[in-house]
Amino acid sequence: MIKKIPTLLALFFSFLALPSYSQIGWDSSAIQSKNRLFFGITYNLLPGIEKSPANIYPNYVTDNLPKAPFPQDGYSAVFLFNTDFASIGGKIRYNLIQFTSRTSISISTAPSIGVGLTIVDEQDIHQITPYADGSYNIPLFLEFNYGNGATHNSFDNYGLFAFAGVEYTGLLLQNNLGNGAWMDAYGNFYTADFVNQWIEPIIGLGVRYKNRRNVEREIFVKYGFGPSKLYVSPYEEVQSAHAWTLKLAFVRDF
């Protein structure tokens, strides 16, 4: 029994050292709130940028050579590079956990569709060809919310949120034909098989505030980083080609 006393005392003082529920931020009114859904319209009049995963193609030397087969001279990375001039979509958020009226964790999605211009770009030679006219994004992410908009019981003027998740991105191609500029070792031309749909991890940050009409607004920036490929360029340099996206969005909440 005497040997157990130090252990019991340690457990007792550890219990006293634990903060109360109010100190760690739990709020019964926020936890019991039945309205955990949030809706908004997203829009963007600033450029959003998407770079697709690259396809790696061999280069062949044909200069001053009488006939095929032609010798190979490294590889080239070919990708689609899209710029959206305007986009529109929606945002749906559901609070999974409401710690207090000012803090919560949500699961969210903000699908959007954009209008712009996509070009075909060869990373090593930079042959640019207009190719498409828009994109769409379907993300799913977890969001940590603080301050304004964290719950329906928050009365702060401003708030912050950070998120991480995955996103499905696609480019709206006018047609499925490439620029037809690729040639095999025997001089035969073929259509490039570009990647115009992919999934990538995303992270982002945003702020919430109320405008002069007391309407909830959001501004967030989202960055996605897709798969990467290494290859040897025609200049005998090891190059890296990877997909990425970068978008700034505005949200009007209901």
Open item on the list: I119 vs L80, test: side chain to side chain contact (heavy atoms under 4.5 Å, CB included). Steps then yes/no.
Closed with: CA-CA 6 Å; I119 60 175; L80 300 173; over 6 Å; no

Close side-chain approach of [X] to [Y], heavy-atom, < 4.5 Å:
X: K210; Y: E216; value: yes
X: N95; Y: T151; value: yes
X: T103; Y: I97; value: no
X: R36; Y: R93; value: no
X: I92; Y: F39; value: yes
X: Y75; Y: L230; value: no

Single-linkage hydrophobic cluster, 4.5 Å side-chain cutoff, [X] and [Y] together:
X: F99; Y: L96; value: yes
X: V207; Y: V221; value: yes
X: V115; Y: L171; value: no
X: F81; Y: L246; value: yes
X: V195; Y: L117; value: no

Smallest separation among heavy atoms of [X] and [Y], with atom names:
X: A241; Y: A54; result: CB-CB, 3.6 Å
X: T42; Y: P111; result: OG1-O, 4.3 Å
X: P53; Y: F79; result: O-CB, 4.3 Å
X: Q197; Y: Y168; result: OE1-OH, 2.5 Å

Rounded distance (nearest 0.5 Å) linking atom [atom1] of [X] with atom [atom2] of [Y]:
X: L142; Y: I105; atom1: CG; atom2: CD1; answer: 7.5 Å
X: N153; Y: N35; atom1: CG; atom2: CG; answer: 9.0 Å
X: S87; Y: Y136; atom1: OG; atom2: OH; answer: 15.0 Å
X: F225; Y: T245; atom1: CZ; atom2: OG1; answer: 9.5 Å
X: K91; Y: S108; atom1: NZ; atom2: OG; answer: 5.0 Å
X: I113; Y: S135; atom1: CD1; atom2: OG; answer: 8.0 Å

For residues [X] and [Y], is any side-chain donor paired with an opposing acceptor at under 3.5 Å?
X: S52; Y: N196; value: no
X: S154; Y: N148; value: no
X: N82; Y: T118; value: yes

Would you mind checking if [Y] and [X] are paired as a salt bridge, meaning a charged N to carboxylate O distance below 4.0 Å?
X: K51; Y: E200; value: no
X: E218; Y: R252; value: no
X: D156; Y: R102; value: yes
X: E143; Y: R208; value: yes

Task: Geometric cation-pi criterion, R217 with Y209: 6.0 Å, 45° - done: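 Ring-cation test returns no.
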
Open item on the list: Using only atom types and a distance under 3.5 Å, with no angle test, would you say the side chain of H152 pairs donor to acceptor with the backbone of F38?
Closed with: no

Open item on the list: Please give the remaining members of the hydrophobic cluster of F161, linking ILVMFWY side chains under 4.5 Å, ordered by chain and number.
Closed with: F141, F163, I202, F220, V251

Open item on the list: The test is side chain to side chain contact (heavy atoms under 4.5 Å, CB included); show your working for L248 and I219 and say whether it passes.
Closed with: CA-CA 7 Å; L248 177 71; I219 303 175; 3.9 Å; yes

Open item on the list: What verdict does the side chain to side chain contact (heavy atoms under 4.5 Å, CB included) test give for L205 and Y223, after you've listed the backbone C-alpha separation in whole Å, the side-chain angles of each residue and the deciding distance to 0.1 Å?
Closed with: CA-CA 9 Å; L205 292 172; Y223 174 71; over 6 Å; no

Open item on the list: Does V78 form a side chain to side chain contact (heavy atoms under 4.5 Å, CB included) with Y57? I'd like the steps, not just the answer.
Closed with: CA-CA 8 Å; V78 183; Y57 292 95; 3.9 Å; yes

TODO: Under the side-chain hydrogen bond (donor to acceptor under 3.5 Å, both in side chains) rule, collect the residues that match up with K247, sequence neighbours excluded.
DONE: E50, D84, N137

